[in-house]
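For reference, the structure discussed in these notes is given below.
Both ligands and their constituent atoms are indexed starting at 1 by order of listing. Quick caveat: nothing in here was measured; it's all calculated off a predicted structure.
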Amino acid sequence: MNQSVKMLTIRDVSAMKQRGEKISCLTAYDASFSAIIDQAGIDLMLVGDSLGMVIQGSDATLQVSIRDMAYHTRAVCKARRRAFVVADLPFMTYPTPLVAAQNAAKLMRAGAQMVKLEGARTDCIRFLVDQGIPVCGHLGLLPQSINQLGGYRVQGREPADAEKILTEALQVQEAGAALLVLECVPADLAGEIGKQLAIPVIGIGAGADCDGQVLVLYDMLDIGILRRPRFSMNFMKGAAGVEEAIRAYRLAVKEGRFPAAEHSY
Ligand code: KIV
């Protein structure tokens, strides 16, 4: 293994947007997959609270604790060499800015380089950034608010909802977030947000015009226990193994071939 691999920083990720290079991202939850994803050249690994569904077998992300997240973040970071690692603050771990900072510190100590939180929580984002903790926002479909949303469905189809998501994206950036995940929004809305924001926008079910793409690892390897969502794709098809499937995903993202129209709204 090459010992001189340089770990990516948020500056490297931001520079990709500036030079128009698509950012490749996958979720990761353990050391073995982390090593393969890293070896395949994926830029960003997200230790997502989707682990509640794909690892723990729950039907939502709400059961995941900060202890779970720190455990999986530590495992992922032990095997990572180059990829930038973002870890999710799970449900109800950021009710106030101070509690958010205490919980974010657990993920940063486990090796994360950035934490992600859902919604336009500008109070928490501002406070975390003031403490030196980089933040990724997450707008559109918010899995931690699934009981309020009433189901996993596309957000921002109506003009007023689209306007709200765009306004919130600008607020999240203004509060100091350095990345934004947009989940399940119409492709034209995501494209517009990507154009208006200086920070990179990473899409999942948000069309091809985002600055980067993320998928849940188990969906794209077709090993999930839940139905693969329409916006995902089985990259194991035609691949000789896991690393080859991940390399194919990376190339498809970098070349703008994924997502195609059939994966978008
Ligand atoms: O938890 C997760 O995997 C996520 C992605 C869906 C973006 O937040």
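Less than 4.0 angstrom separates some heavy atom of Asp88 from each of these atoms of ligand 1: 1 (O), 2 (C), 8 (O). Numbered from 1 in the order shown, with element, the atoms of ligand 1 that lie under 4.0 Å from a heavy atom of Glu183 read 6 (C). Atoms of ligand 1 lying under 4.0 Å from any heavy atom of Lys116, numbered from 1 in the order shown and given with element: 4 (C), 8 (O). Set against the non-hydrogen atoms of Thr27, the atoms of ligand 1 under 4.0 Å away are 3 (O). Listed by number with element, the atoms of ligand 1 under 4.0 angstrom from any heavy atom of His138 are 8 (O). Close approach of ligand 1 to Gly48 is summarised as follows: ligand atoms under 4.0 Å from at least one heavy atom of the residue are 1 (O), 2 (C), 3 (O). Atoms of ligand 1 found under 4.0 Å from any heavy atom of Ile204 (numbered from 1 in listed order, with element): 6 (C).
When only non-hydrogen protein atoms are considered, atom 4 (C) of ligand 1 lies nearest to Leu46 CD2, 3.6 Å. For atom 2 (C) of ligand 1, the nearest non-hydrogen atom of the protein is Ser50 OG, 3.3 Å.
Donor-acceptor pairing under 3.5 Å is recorded for the side chains of Gln144 and Tyr94. Defined by atom type and a distance below 3.5 Å, a donor-acceptor pair is present between the side-chain atoms of Tyr29 and Thr27.
Contacts between Leu51 and ligand 1, counted as non-hydrogen atom pairs separated by less than 4.0 Å, are absent for every part of the residue. Of all the heavy atoms of Thr61, none lies under 4.0 Å from any atom of ligand 1, so neither backbone nor side chain is involved.
When the shell of 6.0 Å around NZ of Lys237 is examined, it contains 12 or fewer heavy atoms from other residues, nucleotides or ligands.
For the pair His138 (side chain) and Val181 (backbone), a donor-acceptor distance under 3.5 Å is absent. When atom types are taken as modelled, the side chain of Glu168 and the backbone of Leu139 share no donor-acceptor pair closer than 3.5 angstrom.
Applying the side-chain hydrogen bond (donor to acceptor under 3.5 Å, both in side chains) test to residues at least two apart or on different chains, the pairs with a partner in residues 256-265 are Glu255-Arg257.
Note: Leu182 CG to Cys210 SG = 6.0 Å, rounded to the nearest 0.5 Å.
In this structure, the side chains of Leu251 and Phe258 stay at 4.5 Å or more apart for every pair of heavy atoms.
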